[in-house]
Amino acid sequence: MNTTTLASTTRLNPVNRTLPVLLAMEDDAEDVGRLSPDDRLTCHVHGRWIHECVASPLHVNPITRHRWCRSCATALTVSVDELSGDVTMSCPRCGHGESAASARLIAACRASLVAARRSSGSRAA
C-alpha cells in the first residue's frame with residue numbers, strides 16, 4: 001500500500017483545506033496506514049501546520065535522524081522563510097547533517113507553507 005497517497009493528493013488538490021480539516025484528515029489517514037507520519041503537512045502534537053512548529057525540540061529524533069546530525073550528535077537548526085517558501089536545516093556545529101528523514105521533513109514543510117497560503121486565501125475570499 002502506498003503510504004503517501006493522501007499526502008500527494010492533498011498537496012495537488014486545488015480545493016483549499018483549512019488547518020482543522022486537514023489535521024483531522026491526516027490523523028485518520030495515518031491511523032489506517034494510508035499516510036506516513038513523515039508526509040504530514042500538519043502536526044498532531046502541536047495542532048499546527050508543520051512548518052510553524054518544526055523548530056520545536058519535539059521534532060528532533062536522533063533514532064530516525066529527523067532534524068539530527070549523526071556525526072555531531074546535534075539537533076539541526078531550522079530556517080523557514082514564509083515569504084520565499086524556502087525551508088532549510090543544518091547542523092550548527094559542522095554545517096551539514098543531511099538525512100533522508102530531514103529531507104522528507106523539509107518537503108513536508110514546503111508543502112505545508114503552500115497549503116497554509118491556500119487555506120488563508122480561501123478565508124479571505
Side-chain angles (χ1 to χ4, degrees):
M1 179 181 293
N2 184 354
T3 60
T4 60
T5 303
L6 181 69
S8 301
T9 303
T10 303
R11 290 179 191 159
L12 299 175
N13 191 337
V15 176
N16 297 333
R17 301 206 193 297
T18 63
L19 175 60
V21 169
L22 188 54
L23 186 59
M25 287 176 60
E26 288 186 340
D27 285 347
D28 291 344
E30 188 179 350
D31 288 346
V32 297
R34 289 187 51 223
L35 178 66
S36 167
D38 292 345
D39 294 325
R40 291 184 65 117
L41 305 186
T42 62
C43 174
H44 72 280
V45 174
H46 296 106
R48 302 178 73 166
W49 297 105
I50 192 65
H51 73 273
E52 294 176 334
C53 63
V54 69
S56 166
L58 291 175
H59 290 287
V60 176
N61 189 327
I63 296 167
T64 63
R65 296 187 64 202
H66 287 85
R67 284 200 48 222
W68 187 255
C69 180
R70 180 182 290 177
S71 60
C72 294
T74 303
L76 302 182
T77 301
V78 179
S79 173
V80 177
D81 185 334
E82 292 195 31
L83 293 177
S84 71
D86 194 33
V87 180
T88 59
M89 294 183 194
S90 62
C91 177
R93 285 190 181 162
C94 72
H96 299 290
E98 296 87 8
S99 72
S102 288
R104 287 181 74 178
L105 187 53
I106 289 170
C109 287
R110 289 178 178 152
S112 170
L113 280 162
V114 171
R117 284 185 194 136
R118 287 183 182 157
S119 177
S120 66
S122 67
R123 286 192 305 248

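One-based numbering along the sequence shown.
Residues Ser99 and Arg70 fail the side-chain proximity criterion, which asks for heavy atoms closer than 4.5 Å. Looking at heavy atoms from C-beta onward, Met89 lies out of side-chain contact with His66 at the 4.5 angstrom threshold. In this structure the side chain of Val78 never reaches within 4.5 angstrom of the side chain of His59, judged on heavy atoms.
Here the closest non-hydrogen pair linking Arg40 and Glu30 is NH1-OE1, 2.7 Å. The shortest heavy-atom contact between Ala115 and Leu41 is CB-CD1, 4.1 Å. The nearest pair of heavy atoms linking Glu26 to Asp39 is OE2-O, 4.4 Å. The two residues Leu22 and Arg17 make their nearest non-hydrogen contact at CD1-CD, 4.2 Å.
Distance alone, capped at 3.5 Å, is enough to place a donor-acceptor pair between the Arg65 side chain and the Glu98 backbone. Judged purely by atom type and a 3.5 angstrom limit, Arg110 uses its side chain to pair as donor or acceptor with the backbone of Val87.
With salt bridges taken as basic N to acidic carboxylate O contacts below 4.0 Å, none links Arg34 and Asp28.
Distance check: His96 NE2 to Ser71 OG gives 8.0 Å after rounding to the nearest 0.5 Å.
At most 12 non-hydrogen atoms from other residues, nucleotides or ligands lie less than 6.0 angstrom from NE2 of His44.
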